[in-house]
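Contents: one structure, followed by commentary.
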Amino acid sequence: MHPFSYTKASDLEGALAAGRRGGRYIAGGTTLVDLMRESVERPGALVDISALPLGEITATAGGGLRIGALVSMAEAAADPKVRATFPVVSQALELSASAQLRNMATIGGNIMQRTRCAYFRDVTAPCNKREPGSGCAALEGFNRAHAILGGSDQCVATHPSDVAVAFAALEASVHLRGPDGEPSVAFADFLLRPGGTPDREHGLRPGELITAVELPALPRPLRSGYLKVRDRQSYEFALTSAAVALHIKGGVIREAKVAAGGVGTVPWKLSAVERHLIGERPSEALWAEAAERAADGARPLEHNRFKAELLKRTVERQLRIVGGSE
Amino acid sequence: MSRRAVGAPLSRVDGRLKVTGRATYAAEHDVKGVVYAVIVDSGIGRGRITGIDARDALARSGVLKVISHLNAPKLAYRPNAGSNNPEGSERLHVFQDDRVRFFGQPVAVVVATTLEAAQHAARLVEVRYAAEKPTTGLAGDRTNKPVTYARGDAEQALGSAEVRMEMTYRTARNHHNAMEPHATIARWNGHRLTVWDKTQWVNGTQEELAAVFGIPKESVCVISPFVGGAFGSGLRAWPHVTIAALAARETGRPVKLVLARRQQYFGTGYRPAYVYKVRLGSARQGRLIAMTHDIRAETSSYEDFQEGVLPTGQMLYSMPNVAQTYERVPLDVNTPLYMRGPGHATTSYIVESAMDELAHELGLDPIELRRRNEPDDDPATRRPFSTRRLRECYTVGAREFGWDRRNPKPRSTRDGDWLIGMGMAAGVYDTNRGAAQARVRLDARGSAVVEAASSDMGPGTYTSMTQVAADALGLDMRAVTCRLGDSIMPPTPPHGGSMTMASVGSAVQDGCDKLRRQAVALAVGDERSPLHGVDAGDVVAGDGRLHVKGDPTRGETYQQLLARNNRTHLETLGSFTPGESRFSMYAYNATFAEVAVDHRLGLVRIRRMLGVYDAGRIISPKLADSQAIGGMVGGIGAALLEHTVTDPRDGRIVNANLADYLVPVNADVPSLRAIYLDGDDREADPIGVKGLGEVVFTGVAPAIANAVFHATGRRVRELPITAEALL
């Protein structure tokens, strides 16, 4: 670990000022400290924001929810409002990490967590994300865990979060606070695909801070849920995952929100699947047909070829679990 | 009559120490003035070091020294055929030349007054290399001299067999991944070296350090009272142990060196990957005629590591013709080492999978096929078995597991999205024993101390030795203290290969028997003793007293006896030396597994498992259950999860951490049950045990793999079995 300074911000203005001076925000520290130990992250100054008043979950007008950036994963998962309104969110959280990590890690930090790509996390390997221009060891290396969607010739690292997949599906927005006031960014625009700049992972600028994630009001009744497919039954990142929310009325699917995890360089919104579902009546055949579109555009690598098929089956399964099979 | 400790399901005597954090592990010893060492490991897989720039590192505050081949003294590296160093090859000499032999090889060490300074400075050491392309795969042509075995004429027998099958299986490299990281604290006092180390064999580490530094064995003291799991990784003194001692000598300070989790993957050994081709010939009614085994395994370029992959194929089943070839492929990797159930575990996966394939081919029940090939004596040596109760294991296991509910047709049982399957396999492991000694001392308060150099890496050696001693001395468990893990104590064999209970336990038994006899002799010869004149053979010990057999009222306590005779203590040295035996000695199991496989997603989940063990006498049933459960959990890992991945481009281990190298978590471990056949093995050792820690692992992976086949109808011939193989 490289030496760094540490300060604890007592209010938002102080945190923003420290951020503008180049300070790196730390909340739960469950990803940043790990990476600092491996010298992957070498911040000169840490600004602890854990004392800021961003720890509330509030209902918005119309039935949405606003989850403060410093709400822990455990708190968000256990929150009765979250559980009642968006089971897909609480399920995604509960299937993440371990109980100890969920107690420490925050919602804002979860979105900002960095990839689990083994080459990114090993400073002796080339990695364009860690060291732009050094090359990508994963493209021709061991890439079982890597993305089949949204990759570039510079980077194929997956975004590791589960709850971000639920956020992507639900079309959440990210509330920021910074020099330009309090902008709100659509979740789909917040996390960036690698393209030619895999080191740029999000739209946050220095001195900007996530204050909350807002889940929009969606028509009710809304059934939702999260399925995570992985080698072992707990404490592992997803091989594939699917977040599904369906508004079914009069026997017809009126709204469909679907996204996939473990397969994309960012949480992967499955718009083609959604479009196929809307206006249709739930059936086994429909789930299968819709899921056939889940891997559209996939570019598998040597060790993750199975993921395209596994993704389709994951989505099909979760559509059935959420939508039923009448 | 006092309650017997042996055979009682007692809790660990050191349990409270462990759960309260007062058991002192290697890195936790409080050595005054200690400084910290962090290894710089190679970033290439093969080549030469062309330069090392340590200026930035040395400029940091607190940094005392950077040692590499550029400034390290020449070390003696006397030949040492012991210490589990592989025969006929030479171990890695640290910092003695510019060659890089594998990715992660130590190329320098930074010593600093704080751990943080040492870690930071280690990142600042710049090493330049002339890299060469490493070879890390098993496919190459070059192999070390094969070890072969043959009986009968397997080729000819295969040619005429009614049923012939040929299969190639692959098993992944597995790492031990114990909870406690490897760690060493080294301190010199003149020419004397004291080392607090995570080791399964203080005597082996002592001899290796003496050889490396060219000093007498007596000048080295190795202390290792507690080991937080090892599974075999502590059976050798790895380079970091030498580096800690070297750094201590070069800085004149005690040095603590803890390997990072990542460094365990190339700083210690592993179970090598195998490619294993088996051909078998059988009669249509299920009698095996021949089997050939073509075995390939990883080893390093500098050491020829071998393990016992041959015996299972020679002795598990009766057949006239066997041919085996065991090749090791020298690669640009670090040297493998024994890992739980070494050799047998690998071969049991192959042989027991092949038997399952044959049973399916013949339409026979897998247990029935095994019964038809059960030998009456050892087919390899023609020696009688000391005990071999595999048939009973099958009977008990089938009954308790509900094997009769299994529909023999693969892919015949379904539960929603899950395909359900049941599989079984046999497991075997050598009944190993080694020469051991134990000192027993009884003091004037009637308390006993038992001492032996042996480690306790977790099986509960402190507890089981206390049980043996308590019964032999007629003392309560609380009156006996067991001390382990110090090279000044009486020597013991490696704490591995399932030989500690048999070997050290027998030495403890011997020492306690001698001590009890000494006390009895003192009593019967003492006119003031109530036992005076009684025939020594009629005196027994119990409840802290010596008394006439059948008459507990006539006797006295140890305290009374010693006080009256002005003796501060009695002391004996117990020993056990295994002799040549005319018997073939192994421990056995039958393991049963029920799995569920998601028919669309390819996920395998264990539903329940049962192990039935023929392991001789069980000294400590509660500890035995921990061993059996741990063995099954390890087997679940090997079958479904564990796979050390090497990047062939530069030899890097890609998943050198516990997030990417998957071991089972609690959620993967369902109902596991262990049954031990009552009885003992008096040919093996005086206390009748056959060893348990290894045999509980062998047979687990094939039972699971066979259950996966039964569930899905799909035979995956590679471990671990992952989703992609089942999609």
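Just the heavy atoms: all of them, side chains too, but no hydrogens, waters or symmetry mates, feed the values below. Letters A, B, ... mirror the listed sequences (proteins, then strands); counts begin at 1.
Scanning for side-chain contact (heavy atoms from CB on, under 4.5 Å) contacts around I629(B) gives V633(B), L672(B), with sequence neighbours left out.
When heavy atoms are compared at a cutoff of 4.5 Å, L662(B) approaches chain A by way of both its backbone and its side chain. Contact annotation for I721(B): neither backbone nor side-chain heavy atoms come within less than 4.5 Å of a heavy atom of chain A. For a residue to count as touching a neighbouring chain, one of its non-hydrogen atoms must lie under 4.5 Å from one of that chain's; by this rule I636(B) does not touch chain A. The contact between L641(B) and chain A is made entirely by side chain atoms (from C-beta outward), counting heavy-atom distances below 4.5 Å. When heavy atoms are compared at a cutoff of 4.5 Å, V645(B) approaches chain A solely by way of its side chain, counted from C-beta outward. Contact of A125(A) with chain B is made through backbone and side chain together, with heavy-atom distances under 4.5 Å.
Ranked by heavy-atom pairs under 4.5 Å with chain A, the list L124(B), V665(B), L640(B) is led by V665(B).
Crowding of R414(B) atom CZ: a count of heavy atoms from other residues, nucleotides or ligands under 6.0 Å exceeding 12.
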Atom pairs, donor to acceptor, chain B/chain A, distance under 3.5 Å:
| residue | atom | partner | partner atom | Å |
| --- | --- | --- | --- | --- |
| H120(B) | NE2 | H2(A) | ND1 | 3.1 |
| R123(B) | NE | S39(A) | OG | 3.0 |
| R123(B) | NH2 | R37(A) | O | 3.4 |
| R123(B) | NH2 | E38(A) | O | 3.2 |
| D417(B) | OD1 | R320(A) | NH1 | 3.4 |
| D417(B) | OD1 | R320(A) | NH2 | 3.2 |
| D417(B) | OD2 | R317(A) | NE | 3.3 |
| D417(B) | OD2 | R317(A) | NH1 | 3.4 |
| D417(B) | OD2 | R320(A) | NH2 | 2.5 |
| D598(B) | OD1 | R317(A) | NH2 | 2.8 |
| D598(B) | OD2 | R317(A) | NH1 | 2.7 |
| D598(B) | OD2 | R317(A) | NH2 | 3.4 |
| R600(B) | O | R313(A) | NH1 | 2.8 |
| R600(B) | NH2 | E316(A) | OE1 | 2.7 |
| R605(B) | NH1 | D231(A) | O | 2.9 |
| R605(B) | NH2 | R230(A) | O | 3.1 |
| D647(B) | OD2 | Y119(A) | OH | 2.6 |
| R649(B) | NH1 | A137(A) | O | 3.2 |
| R649(B) | NH2 | A137(A) | O | 2.6 |
| R652(B) | NH1 | D122(A) | OD2 | 2.8 |
| R652(B) | NH1 | T124(A) | OG1 | 2.6 |
| R652(B) | NH2 | T124(A) | O | 3.2 |
| V663(B) | O | R232(A) | NH1 | 2.5 |
| A667(B) | O | Q233(A) | NE2 | 3.1 |
| D668(B) | OD1 | Q233(A) | N | 2.8 |
| E724(B) | OE1 | R144(A) | NE | 3.4 |
| E724(B) | OE1 | R144(A) | NH2 | 2.8 |
| E724(B) | OE2 | R144(A) | NE | 2.6 |

